[in-house]
Amino acid sequence: MKELVTVQVGEFANYIGSHYWNFQDELLGMAEDPQGDPVYKTTSLDMDVLYRNGETSQGILTYCPRLISIGYKGSLGSLSCSGSLSPRLSNPESLEIVSWAGNVIQRTAELHEKNLFLQSLCGEESANRTNGADQESGLPQMQISDKDRIECLENGVQYWTDFSKVQYHPRSMYELHGLWTDCEKFDNYGIGEDTLSISLQSEEMNERLRFFIEECDCIQGIQFIVDDSGGFSAIAASFLEDIADDYSNTPVLLYSARSPASYTHGKSSKESVSRALHDAVSFSRLSSFCKLMIPLGLPSLSRSNLSSTLFVEDQKLFHCSAIYAASVHSVSIPFRMESQGVTAESAYISGATDVGGMVQMLTGHARQNMITILDLAMPFPSLTGENNQSILPTLCSLTPEIEENGYDLHSIESLIVHGALSGGRRISVSEAKQYVHTAYQNTILRPMFCHISAALCPLPIPLPFPSIFNDRVGRKGELSDTRLGEERRGSLEVDSVPMAARLRSSSAVKPLVERRLGSLRRYGLERGSLGAELLRSWGFGREEVEEMGESLAKMVMLLYSNTYASSQSDSD
């Protein structure tokens, strides 16, 4: 087994992570359900890759995500910073401060009450322990219906923990000192740098990471999700730099995510310059400390191609984070597949690889491009002999600022399909691979290389998942040709959906990289530039800014050189 450690930094990253871990928890529950679908009971997808076995101080066995979550103070809602397996700290009034003899002003945040969904989880756990006795909260389990739980989530999610049903290790949750949830201006790289200077926060985060890594038998990599729209990008970059120094042989797969709300900014020229420089600095710094970077976050999911099957309210983090979490889940499936050997075949999985193999695949060959596009089809349409040529165009890009119709002869792709359907039935792994292979063979604009992975297990839809499917989507994720109305469907109507996700190393990312290079040159490097002083206030001298510009320019040059080679090959 090759383990993965997951890191989530920032509010939107933790929203994504909350959905991601709910998917894993649902898979674990389905595997243990005697009446559950046999497709979930296979051992071909090894959950130990993501989870660790442990034991509480009371001797209770635990199975927790190998996770570090970093966020604001007060961002955990009703969850304790020591996780869900440890009791909250004692009353702060009983704690003595022995290092200060002066006056003390005590500020205590009010505890966030558990919503109906979390209350029902407590009730289920209590009922399991007491064989049907009343809940610890005094509210009988049967009084909270599934419909009530869903309604409370759709209308009342304030924190990412409000819809999390996972037990977390005491070392997983880390709240940044001096940075509270109601912080109004945490919107640029420089503020994040200032936050890190408080106390020994970097050392504390590194120590938590060391705990999870050192207990791994053979770590394959780190999947790192960061909300890079504000100051958390600086915190992530500092953390990534330490990881690169301490674990130089451990590849990092970085998802830099943004919510639709992060695209709404002030209109003044000063704010525009600050935003442009933040984007450039954040992109340059983050990309320099990972092996593969996947930018995520469209300005609007409701106006994307996914709107043909989904109702997504862009202003709700609970909604849009679910889409990105589903894509991360799909991309990570090959990392959990048990290796079948060179010639062995499995009825449940095909195309296993690890993080290092994926990185080498997408950044190797002639490409050497580590900025990767992520495409998603949710649900993936039914595969038939008649329409298999049209299945690839159903993939919608979740990476912003790319060339939508560009073609790159040197592109490298890795496609994962799981839970595929044909004519309403779940098809075998070999059938799914053959359909996809045929689709690639029949398309005119083929990539230079494509790796195909397939799994029989679809994406399970847990109860905390938002009601975002439209009425084209059936119980198993099958798609009808027409919509009947504006009905929203969720976990009560949809049990699972077939999925497809694709990672692309392509010159189509040129606009994204060029825009950041242009902003850095215009506002940070040109004589008399408007942002030079701002960059100095963020702690960057002229030489550091020039180094960032050179790094971005090299990225652009590599993308153009491959595009030129493609055009030369076409003309020949």
Side-chain angles (χ1 to χ4, degrees), residues 1-2 4 23-24 26-28 30-31 36-50 220 326-355 357-358 361 374-392 394-395 413-443 447 449-461 474-479 495-503:
M1 180 187 66
K2 293 184 175 181
L4 272 173
F23 293 141
Q24 316 316 316
E26 190 74 3
L27 286 173
L28 290 169
M30 296 295 289
D37 191 329
V39 75
Y40 296 110
K41 301 181 186 301
T42 173
T43 59
S44 297
L45 292 178
D46 189 357
M47 299 302 288
D48 287 347
V49 170
L50 299 173
Q220 64 167 293
S327 68
V328 174
H329 169 81
S330 296
V331 166
S332 67
I333 282 181
F335 309 149
R336 289 175 278 164
M337 292 180 178
E338 290 188 346
S339 178
Q340 302 297 313
V342 177
T343 59
E345 294 184 357
S346 168
Y348 296 97
I349 59 170
S350 178
T353 187
D354 59 13
V355 172
M358 183 70 74
M361 185 191 312
L374 176 54
D375 306 317
L376 182 71
M378 180 181 183
F380 194 45
S382 180
L383 300 176
T384 67
E386 291 76 27
N387 74 353
N388 62 0
Q389 296 183 37
S390 62
I391 60 176
L392 296 178
T394 64
L395 290 157
E413 298 185 4
S414 178
L415 178 72
I416 168 68
V417 176
H418 58 110
L421 301 173
S422 180
R425 68 177 180 89
R426 187 173 293 130
I427 62 176
S428 68
V429 166
S430 59
E431 285 180 286
K433 287 194 70 175
Q434 185 58 48
Y435 275 125
V436 174
H437 179 74
T438 302
Y440 270 107
Q441 290 298 112
N442 291 339
T443 187
F449 175 79
C450 179
H451 175 264
I452 301 173
S453 300
L456 200 61
C457 183
L459 177 77
I461 303 300
R475 183 161 291 278
K476 292 184 178 180
E478 67 275 19
L479 294 176
D495 296 330
S496 63
V497 293
M499 296 284 292
R502 177 176 64 186
L503 292 175

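From a predicted model like this one, the values you see are computed outputs, not experimental measurements.
Looking only at atom types and distance, the side chain of Q434 has a donor-acceptor partner in the side chain of T438 under 3.5 Å away.
Side-chain atoms of S414 never come within 3.5 Å of backbone atoms of L503 as a donor-acceptor pair (strictly under, hydrogens ignored). Between the side chain of S453 and the main chain of G351, a donor-acceptor pair closer than 3.5 Å is present. E413 places no side-chain N or O within donor-acceptor distance of the main-chain N or O of C450, the cut-off being under 3.5 Å. Without hydrogens or angle criteria, T394 side chain to I391 main chain gives a donor-acceptor distance under 3.5 Å.
Closest approach of E26 to P460, counting heavy atoms only: CG-CB, 3.7 Å. Among all heavy-atom pairs drawn from C457 and L45, the shortest one is CB-CD1, 4.3 Å. Closest non-hydrogen pair, A455 versus I333, comes out as CB-CG2, 4.2 Å. Of all non-hydrogen atoms in A501 and L374, the two that sit nearest each other are CB-CD1, 4.3 Å. Between M337 and A454, the shortest heavy-atom contact is CE-O, 3.4 Å. Heavy atoms only, all atoms of each residue included: L395 and A500 are closest at CD2-O, 3.7 Å.
Put simply, the side chain of P498 reaches to within 4.5 Å of the side chain of P379, judged on heavy atoms. The shortest side-chain heavy-atom distance between M361 and F449 falls under the 4.5 Å cut-off. Two residues are said to be in side-chain contact when any heavy atoms from C-beta on lie closer than 4.5 Å; Q24 and S332 fail this criterion. In this structure, L456 and H418 have side chains that are not in contact, with every pair of non-hydrogen atoms separated by 4.5 Å or more. By the 4.5 Å heavy-atom criterion applied to side chains, P458 and V39 are counted as neighbours. Contact annotation: the side chain of L4 approaches that of Q220 to within less than 4.5 Å [non-hydrogen atoms, C-beta and beyond]. Within the 4.5 Å cutoff, the side chain of Y435 has heavy atoms near those of the I427 side chain.
Between the CE atom of M47 and the CG atom of L28 there is a distance of 4.0 Å, given to the nearest 0.5 Å. Once rounded to the nearest 0.5 Å, the distance linking CZ of R425 with OG of S382 reads 9.0 Å. Note that the CG atom of L415 and the NZ atom of K433 stand 10.5 Å from one another [nearest 0.5 Å]. Once rounded to the nearest 0.5 Å, the distance linking CZ of R475 with CD1 of I461 reads 11.5 Å.
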Margin query: As a quick check of understanding, evaluate side-chain contact (heavy atoms from CB on, under 4.5 Å) for I416 and M499, giving each step before the final call.
Written below: CA-CA 8 Å; I416 168 68; M499 296 284 292; over 6 Å; no
Check: Under the side-chain contact (heavy atoms from CB on, under 4.5 Å) criterion, do S496 and R426 qualify, and how do the steps go?
Finding: CA-CA 11 Å; S496 63; R426 187 173 293 130; 4.2 Å; yes
Next item on the list: Run the numbers on D37 and D495 for side-chain contact (heavy atoms from CB on, under 4.5 Å), then give the verdict.
Entry: CA-CA 11 Å; D37 191 329; D495 296 330; over 6 Å; no
